[in-house]
Engineer: 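First the structure, which I've put down as structure tokens, then a few questions once you've had a look.
Chain letters run A, B, ... following the sequence lines, proteins first, then strands; residues in each count from 1.
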Amino acid sequence: MTFRRVAVAATAMVLGLGLTACGGNLSQGGSADTGKGDIKLGMLTPLTGSSAAIGPHMKDGAQLAVDEINAKGGINGRQLSLTVSDEACDPKTAAAGAAKLVSDGVAISVGGYCSSATLPTLSIFNKANIPMIIPAANSADLVAQKLPNVFLLNGTGIQQAEAASKFVKAQGSSAVALLDDNTSYSTDITKRTDQNLRQLGVTVATHQSVTAGESDYSGAVNAVLGSHADLVYWTGYYQEGGLLIKQLKAAGYQGKIMVADGSVDEKLIQIAGQDNAQGVLATMTQTPQTIPGGQEWIKKYQDKFGTAPGSYSTQAYDAVRVAAEAIKSAGYTDGQAVMKALGQINGFSIFSGPLKFTPEHTLSEGGFDILVIRGSSFALNK
Amino acid sequence: MDHLIQLILDGLFVGSFYALVALGYSMVYGIIKLLNFAHGDIYMLGAFAGFTVLSVGAGALGGGFLALIVIMALAMVGTGAFGVVLERVAYRPLRNAPRLSVLITAVGASFALEYGIAVTFGPNPQVYPIGVSGGALGIAGARITYAQLAMMAIAVVLMVALDALVRKTRAGRAMRAISLDPKACLLMGVNVDRVISRTFFLGSALAGAAGVMAGAYYGKIDFLMGFVIGLKAFTAAVIGGIGNLRGAVLGAIVLGLLESFGVAFLGSQWRDVFAFGFLILFLTVRPTGLLGERVTERV
């Protein structure tokens, strides 16, 4: 009989604990920050997979900001620490990584590169009451659910499409070909650019999608040539972008080529061949290379890590600074308070200009520049 | 329809890459009924083998077409040898194991190769130090570059050589015999293991050649480049009737043409929908593929 009673008691306890745990999660969100020790920042970034090259750039950018803030005494007397987990540009890996960061007790997420992989992590962090300052991923899908914890630090497809359309209009193009790679990030920009261009009265001659990871894009190239477009806008990533530029030129295409921010990488020029890439334009968020005072930052970065900053190093750096600023003004790390503080930030200086979030939690100022390829690198198009 | 010829040329060009890879799928399936999922990665390995040879010995080889042939030959020997090792390590011990186990070792080999290369060469794409370029030829309003013509010519030479080897030589006869009945061959004194090794060598060498060609022509290689082409080549092998070598080449050309016409008629968004939709329809009508033999149930 004793045994039975114990078993019943144990079951009741387990059930009771289970219920309390659930209740706790629902009411408080279960943010695991204890209020003591280091304030943990979590970052999901691709360390393996097709975009694995980006991870170290983002990690180092964030680490630079963490070290700077710690050197100045941290925030409210506490030091920052950065925990990095792999996103792999894959939704499943990213979701697992997000769950791991939540159980590690991070206070704020400062990661997110591939939009498709970042999407499933939004609700995971939201349930745990953890604010997300997303440095790179910028599909409009990310803010479509209007989750209170999601803030985008990179210009979105909306602003990029606007910048692209305005530039195309100013160039006096008569017919434009839009090319994307069927990912949510890429099609988002082509669709919006398509709408904007039509409003501005520029003809969109053709709209093609290619499959990422392939090598032969002769189908899309033929469609561009057949449409007699005088400007091609490619919104996918640099691997396919380089091949497209090369194959367009080989097929005798004479018009202008413009690429979106995912293709702004010096590898694009190497893959396309330096001769083919000359004069290729790009829409890109402002980088230290293109803003006044940026050279100092580049030098600081190089001294610390021994390599030049890459894509999204600055945005990751800014994400940490914005997170620190929000915690500082909120006074503590509670998710709700930090989210409120993020919404109230007005004029905090980041690389893309003074920061103020729109009600949709995107940047109010896009800060997109037009770059052009000169020699073996991208330069500001003046 | 002035670019009808252009579409056919593009389709044939892409098809010749698919064909070189599809042959390996079909040979291995024909002889040991194994879907060698690592085959697409052998293609990737060939591209990287060529890249390594080029990076190390670029000065000695010089540039140009002749250098490409030398590099291709070296890469073919390298990938062929790797194929033999792969079979010995991952497939031979499981030859009498359940079919699914071998399938999983093949998938395992595929991932091991992909990420092994990613660790060795880094995840970034590499740019081939030599490229084939040069003028283009106009045929009735269509364009084809000399580089494309050269690639297609190399592919055709390799395929004809393989066909002759399988149909005319003793070694080829042994391969065909094993694909009909491996047990009987063993009883008749054929060294089955050696013939299977040889099959893997040939199939892998062809994929390696395609890898070097892709590297030199497109200029960019990365560790995941074998995935999509592996799937496409497997599809081509099934369209042609898996196990049948001429069928694999025919299937590859059909797939190349389907893709090229799919893009022209429906736009590039619809290319794979068109090509694979057609494939489903075709297989429901002719499940054994274009040249596949009807499988008779023996009781």
Side-chain angles (χ1 to χ4, degrees), chain A residues 46-56 88-89 177 179-182 187 190 206-227 237-247 249-252 265-276 310, chain B residues 2-3 6-7 9-11 13-15 17-18 47 114-115 118-119 122-129 131 133-136 138 142-145 147-148 213-215 217-229 231-232 256 259-272:
Chain A
L47 299 172
T48 61
S50 56
S51 298
I54 300 290
C89 209
L179 297 177
D180 62 52
D181 68 0
N182 260 333
T187 44
T190 43
T206 181
H207 186 166
Q208 301 285 326
S209 300
V210 302
T211 309
E214 291 194 339
S215 300
D216 200 288
Y217 296 120
S218 50
V221 168
N222 285 338
V224 169
L225 290 176
S227 73
Y237 294 90
Y238 64 90
Q239 298 208 16
E240 291 78 25
L243 292 174
L244 267 169
I245 294 171
K246 189 173 178 182
Q247 290 172 26
K249 295 277 179 176
D265 191 302
E266 281 168 14
K267 272 273 182 216
L268 176 94
I269 305 167
Q270 292 172 26
I271 294 169
Q274 199 158 319
D275 292 343
N276 290 331
Chain B
D2 54 329
H3 53 262
Q6 183 74 61
L7 294 181
L9 285 176
D10 287 344
F13 179 65
V14 177
F17 276 96
Y18 291 165
E114 282 171 12
Y115 288 92
V119 170
N124 276 325
Q126 303 287 342
V127 178
Y128 244 56
S133 50
R143 274 173 73 93
I144 185 160
T145 60
Q148 281 177 313
M213 281 162 58
Y217 179 73
Y218 296 113
K220 184 210 77 167
I221 59 172
D222 67 90
F223 70 98
L224 288 175
M225 67 187 281
F227 179 71
V228 175
I229 196 163
L231 279 182
K232 294 276 168 80
E259 288 187 351
S260 133
F261 279 85
V263 172
F265 294 143
L266 299 167
S268 43
Q269 292 88 333
W270 290 92
R271 187 193 67 183
D272 288 347

Engineer: Can you measure from CG (A:Asn182) to CG (B:Asp272) and round to the nearest 0.5 angstrom?
Structural biologist: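 Going from the CG atom of A:Asn182 to the CG atom of B:Asp272 covers 9.0 Å.
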
Engineer: Hey, does A:Thr211 have a side-chain heavy atom less than 4.5 Å from the side chain of B:Val228?
Structural biologist: no

Engineer: Side chain, backbone, both or neither: which part of B:Ile229 has a heavy atom under 4.5 Å from chain A?
Structural biologist: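 For B:Ile229, there is no contact with chain A at all, as no heavy atom is under 4.5 Å.
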
Engineer: Side chain, backbone, both or neither: which part of B:Phe13 has a non-hydrogen atom closer than 4.5 Å to chain A?
Structural biologist: side chain

Engineer: If we ignore hydrogens and angles and just use 3.5 Å, is the side chain of A:Lys267 paired with the main-chain N or O of B:Pro125 as donor and acceptor?
Structural biologist: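 Yes: the side chain of A:Lys267 pairs with the backbone of B:Pro125.
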
Engineer: Chain A heavy atoms under 4.5 Å from B:Phe223: which part of the residue, side chain, backbone, both or neither?
Structural biologist: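 For B:Phe223, the contact with chain A is made by the side chain alone.
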
Engineer: Of the listed residues (A:Gln270, A:His207, A:Gln208), which shares the most heavy-atom pairs with chain B below a 4.5 Å separation?
Structural biologist: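 That would be A:Gln208.
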
Engineer: With a 4.5 angstrom heavy-atom cut-off, is it the side chain or the backbone of B:Tyr115 that approaches chain A, or both, or neither?
Structural biologist: side chain

Engineer: Using non-hydrogen atoms only, which part of A:Ala250 is less than 4.5 Å away from chain B: side chain, backbone, both, or neither?
Structural biologist: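 Contact with chain B: backbone only.
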
Engineer: With a 4.5 angstrom heavy-atom cut-off, could you sort out which part of A:Tyr238 is near chain B: side chain, backbone, both or neither?
Structural biologist: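 Only the side chain of A:Tyr238 comes within 4.5 Å of chain B.
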
Engineer: What option among A:Gly273, A:Ser51, A:Ala251, A:Gly242 has the most heavy-atom pairs under 4.5 Å with chain B?
Structural biologist: A:Ala251

Engineer: Looking at side-chain heavy atoms only, is the closest gap between B:Tyr218 and A:Lys246 below 4.5 Å?
Structural biologist: no

Engineer: Once salt bridge (Lys or Arg N to Asp or Glu O under 4.0 Å) is applied, do any residues pair with A:Glu214, and if so which ones, sequence neighbours excluded?
Structural biologist: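 If we apply the salt bridge (Lys or Arg N to Asp or Glu O under 4.0 Å) test to A:Glu214, skipping adjacent residues, the hits are B:Lys232, B:Arg271.
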
Engineer: If I measure from the heavy atoms of chain B, does A:Ile271 come under 4.5 Å with its side chain, its backbone, both, or neither?
Structural biologist: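 Both parts, heavy atoms under 4.5 Å.
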
Engineer: From B:Gln148 CD over to A:Asp216 CG, what is the distance, rounded to the nearest 0.5 angstrom?
Structural biologist: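 If we round to the nearest 0.5 Å, B:Gln148:CD and A:Asp216:CG are 7.5 Å apart.
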
Engineer: Between OG of A:Ser215 and CD1 of B:Ile221, what distance do you get to the nearest 0.5 Å?
Structural biologist: 10.5 Å

Engineer: Check whether any side-chain heavy atom of A:Asn222 lies under 4.5 Å from a side-chain heavy atom of B:Asp10, and answer yes or no.
Structural biologist: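 When only atoms from C-beta onward are counted, B:Asp10 and A:Asn222 do touch, with a gap below 4.5 Å.
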
